Amino acid sequence: MKITNLRWIVVFSALVLASSACSSNTSLTPPPTRAVTQTPWIIEKVITTTPEPVIVTPLPPATEAKVVRTPTKAPTAKPVAVAKSPTAPPVAVVPTATSAPACNLGSVTLLFPENGAPRNTRPDGSGGSAFIFKWTPFQAGDSDTQTGYRIIMESRRGSSRVNGATVYVSHNKFLKDGQQYIYDQRAVSSLAGGDNATVTWNVTVVKTNGSFDDQGNVTGTVATCGTPSATWTIQLLVP
């Protein structure tokens with residue numbers, strides 16, 4: 001079976017060779033000559049692209065537009081506290097004393113009540129004796145209205161002081177009242193202090209740069225115009 005197949009293969013090969021020989025003999029015309037064709041030049045150009053540095057320009061940050069308002073009222077400047085430097089304490093102003101008027105008018109002599117005379121009084125001042133003081137004036141006639149007398153009284157009980165009083169009367173008033181000065185019974189009662197007492201009294205000529213009110217008071221600066229009179233006593237007795 002294998003030989004048969006090989007025989008057929010040989011026969012088929014012979015036929016193919018014969019056919020090829022016939023074909024080459026019958027064509028005497030030389031094959032056409034092809035024109036030489038220039039092989040196309042293929043130029044490759046390598047273009048190298050150098051990338052340029054990328055420069056990133058940052059955009060300005062977005063800012064919120066501020067609305068500027070024009071103040072309608074001018075701002076008020078705040079006061080600046082200024083530290084005070086320590087200062088010396090103010091010097092106390094001493095009032096200038098008004099000088100007393102100068103005078104030399106002499107002294108007086110006491111006349112009434114007599115030294116050691118008794119007088120009655122009551123503790124409540126509702127009765128008793130008033131003091132009627134008399135002395136010789138420093139001159140017989142009127143003087144300037146700023147000249148007068150000072151009467152000083154003091155009551156004592158034994159060695160203890162009970163009360164006292166100082167009264168002023170102008171010279172012209174003293175003359176007008178008959179050369180006497182009356183110290184009323186209520187004032188006398190205050191000197192006794194509700195019990196028996198001894199009252200001492202004296203008179204001095206004075207002058208003021210103010211005035212006498214003829215109620216026992218004086219204003220201004222008072223100057224002594226002579227030595228005080230002798231001091232006499234009055235015995236105040238409570239019935």
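Here the structure is a predicted model, which is why all the values come from computation and not from measurement.
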*In terms of hydrophobic clustering (I, L, V, M, F, W, Y; side-chain heavy atoms under 4.5 Å; direct or indirect links), are M153 and V108 co-clustered?*
yes
*Could you state the interatomic distance from CG (L191) to OG1 (T200), rounded to the nearest 0.5 Å?*
9.5 Å
*asked:* I need the full list of side chain to side chain donor-acceptor pair (under 3.5 Å) pairs touching residues 133-146, with sequence neighbours left out, sorted by first then second residue.
replied: D144-T147
_Linked, directly or transitively: V167 and V222 (ILVMFWY side chains, under 4.5 Å)_ = no
*What are the two closest non-hydrogen atoms of C103 and A223, and how far apart are they?*
SG-O, 4.5 Å
_Quick check on the hydrophobic clustering: are I152 and L105 connected, directly or via other members, by side-chain heavy-atom contacts under 4.5 Å?_
no
*asked:* As a quick check of understanding, evaluate side chain to side chain contact (heavy atoms under 4.5 Å, CB included) for S190 and N163, giving each step before the final call.
replied: CA-CA 7 Å; S190 67; N163 207 340; 4.2 Å; yes
*Looking only at non-hydrogen atoms, find the nearest pair between S189 and P123 and report the distance.*
OG-O, 3.2 Å
*If you round to the nearest 0.5 Å, how far is CG of L111 from CD1 of I132?*
13.5 Å
*Sole residue of W201, F112, Y149 in ring pair (Phe, Tyr, Trp, His ring centres under 6.0 Å) with F133*: W201
Distance-only donor-acceptor hits, side chain of residues 229-239, under 3.5 Å, sequence neighbours excluded:
unit_1, atom_1, unit_2, atom_2, d
S229, OG, V203, N, 2.9
S229, OG, V203, O, 3.2
T231, OG1, N202, ND2, 3.2
T233, OG1, N115, OD1, 3.2
T233, OG1, G116, N, 3.3
Q235, OE1, T198, OG1, 3.0

_When you group the ILVMFWY residues by side-chain heavy-atom contacts below 4.5 Å and let the links chain together, are I151 and F212 in the same group?_
no
*asked:* Could you walk me through whether V205 and R150 satisfy the side chain to side chain contact (heavy atoms under 4.5 Å, CB included) test, starting with their C-alpha distance in whole Å, then the side-chain angles of each, then the deciding distance to 0.1 Å, before giving a yes or no?
replied: CA-CA 6 Å; V205 181; R150 177 174 60 207; over 6 Å; no
*asked:* When you measure from the side chain of N209 to the backbone of T221, do you find a donor-acceptor pair of N or O atoms at a distance under 3.5 Å?
replied: yes
*Does the side chain of V199 reach to within under 4.5 Å of the side chain of F131, using non-hydrogen atoms?*
yes
_I'd like to check the side-chain contact (heavy atoms from CB on, under 4.5 Å) partners of T219; sequence neighbours left out, ordered by chain and number._
S211
_Filter on side chain to side chain donor-acceptor pair (under 3.5 Å), then keep only pairs touching residues 176-187, sequence neighbours left out; what's left?_
K173-D177
*How would you list, by chain and number, every residue that makes a side-chain contact (heavy atoms from CB on, under 4.5 Å) with V162, sequence neighbours excluded?*
S155, R157
*L110, V188: one ILVMFWY side-chain cluster at the under-4.5 Å cut-off?*
yes
_side-chain contact (heavy atoms from CB on, under 4.5 Å) involving R156 - partner list, sequence neighbours excluded_ = E154, R161
*From the options D213, D214, T208, select the one residue that forms a side-chain hydrogen bond (donor to acceptor under 3.5 Å, both in side chains) with S170.*
D214
_Looking at every heavy atom in both H171 and G141, which two are closest together, and how far apart are they?_
NE2-O, 2.6 Å
